[in-house]
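Have a look at the structure below, then the notes.
A, B, ... follow the sequence lines: proteins, then strands. Residue 1 opens every chain.
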There are 2 protein chains.
Amino acid sequence: MPAEASTSRPASPLTERQEARRRRILRASAQLAGRGGFDAVQMREVAESSQVALGTLYRYFPSKVHLLVATMQDQLEHLHGTLRRKPPAGDTAAQRVAETLMRAFRALQREPHLADAMVRALTFADRSVSPEVDQVSRQTTAIILEAMGLADPTPEQLSAVRVIEHTWHSVLITWLSGRASIAQVKTDIETVCRLIDPPEPTRRA
Amino acid sequence: MPAEASTSRPASPLTERQEARRRRILRASAQLAGRGGFDAVQMREVAESSQVALGTLYRYFPSKVHLLVATMQDQLEHLHGTLRRKPPAGDTAAQRVAETLMRAFRALQREPHLADAMVRALTFADRSVSPEVDQVSRQTTAIILEAMGLADPTPEQLSAVRVIEHTWHSVLITWLSGRASIAQVKTDIETVCRLIDPPEPTRRA
DNA sequence: ATCAAGTCTGAAACTTGTTCTAGATTAGCG
DNA sequence: CGCTAATCTAGAACAAGTTTCAGACTTGAT
């Protein structure tokens, strides 16, 4: 039913000034997150920094987690755009997916605080944020399927993709909290990507 | 180097009354969590319910997340004990691990609110909780390796185990926030466990 | 038994997410 | 243009995690 240009489902179309406010808020959020991570995104500061009253901020984003998940949607779109311009070049689907994820990972490494804010929000989100989190998940799935070069996947492949996403989120968390090295992140991503390639005979590393 | 009876590293031995306090606190925490999940575990209530001053609660557990992660350690020990008594019976390592995780999952299904509190705390934990989270991770790894019947795993196997843990945590989160069905949980666990069994022909458990 | 050091208590204070309110502003419409 | 409903603003108020403090209680060593 929905499907606008891309992401949102604007119940009411949003005037120009409203669109501008929304954008200012998201920019402020990403900016603050880029400094101190999740904790540094304080609702009063976001409001002030985006020149909007606190109440208005809450009208646009009903909670801090909603705000950060929306910020993530925003960033994901950028990423998706970038990836479309330069698709991964590996030979096998597994390689391409691993390459894609590692590329995303390097992007996050440049902004670890922002990554922290977004990922923590994503996994901390409760049911009230499900639609938004789901949207992020769909977008991620799309990116992975694209890297695989797969139009309509089988249920098994979908499960593998979900497992890859699970691993992606969790390994990020683990890295962000300093419990995994970058090498481990790489290894684990490559490991999980093994699920993609044919489990049947005829295969080599 | 360390390794006491099991879990903790008591810098100072803890008197009997202190041990009792600690236990009361953990019981109260699990109890409240069992009702309303993460949000229902309110520090003032935990303090009151365990007959301890708020300041004391914070001396034992320096934050709500520390408290809940400790609660999880506690529960994991129970689980490990139970599993030791009735080890999984599958033919292959993958089957046994999947069976083990599904058994754990069914246990969590019986206490979804408690699961919510523990898992959310675990993934929300920041660096200040790393040691405790790591301890949980080690315990989980031990459980999985035991199910595999593996004494000293190769680095590849360790990576596979980590990926399984990642999937386990993330799929739980997804289920708890209502974005995945129980069937999906099962499927995804089985999918990730495929990483265990021989990618080559010729191998036994 | 006594003293010092460390621990516990109760209560208040502080922080930050979230909600509420009353009054301005704006948008859409006749 | 003039009206009405919706939106926005400033700011107070509330909730729950966390910190702080003065005083009472325990503990361990002498």
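- Between the side chains of T71(A) and S29(A), at least one donor N or O lies within less than 3.5 Å of an accepting N or O.
- Distance CD (Q42(A)) to P (dT18(C)): 12 Å, rounded to an integer number of Å.
- Aromatic ring pairs are classed by plane angle as parallel below 30°, tilted from 30° to 60° and perpendicular above 60°; the pair F105(B) and W168(B) is perpendicular.
- As a whole-Å value, the separation of E16(A) CD from dA27(C) C1' is 13 Å.
- Atom pair D39(B):CG and dT18(C):C1' shows a separation of 13 Å (rounding to whole Å applied).
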### Evaluation steps, salt bridge (charged side-chain N to carboxylate O under 4.0 Å, His left out), between R127(B) and D116(A)
CA-CA 11 Å; R127(B) 299 180 107 88; D116(A) 172 78; over 6 Å; no
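- Side-chain N/O atoms of R21(B) include one lying less than 4.0 angstrom from OP1 or OP2 on dC8(C).
- Rounding to whole angstrom units, CZ of residue R22(B) and P of dC8(C) are separated by 13 Å.
- Among residues two or more places apart in sequence or in another chain, the side chain to side chain contact (heavy atoms under 4.5 Å, CB included) test is passed with T141(A) by S137(A), L145(A), V161(A), E165(A).
- Between the side chains of S177(A) and D126(B), not a single donor N or O lies within less than 3.5 Å of an accepting N or O.
- Nucleic acid contact for V65(A): none, since no nucleic acid atom lies under 4.0 Å from a heavy atom of the residue.
- Heavy-atom distances to DNA chain D give each of K64(B) and R17(B) a nearest nucleotide, and the one nearer the 5′ end belongs to K64(B).
- The CZ-P distance, from F38(B) to dG17(C), rounds to 14 Å in whole Å.
- You'll find that the side chain of R44(A) is closest to dG17(C), out of dG17(D), dT26(C), dG17(C).
- Here dT18(D) presents its C1' atom at 17 Å from CD of E45(B), a figure rounded to the nearest Å.
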Could you list the donor-acceptor pairs under 3.5 angstrom formed by side chains in residues 36-57 of chain B, with sequence neighbours left out?
unit_1 : atom_1 : unit_2 : atom_2 : d
S50(B) : OG     : V46(B) : O      : 2.5
S50(B) : OG     : A47(B) : O      : 3.4

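- Under the 3.5 Å distance criterion, with hydrogens and angles disregarded, a donor-acceptor pair is assigned to the side chains of S170(B) and H166(A).
- Residues from residues 46-61 of chain B lying near DNA chain D, meaning a heavy-atom separation below 4.0 Å, are L54(B), Y58(B) in numerical order.
- In this structure, CD of E19(B) is placed 19 Å from P of dT26(D), rounded to the nearest angstrom.
- Whole-Å rounding puts the M43(B) CE to dG17(D) P distance at 7 Å.
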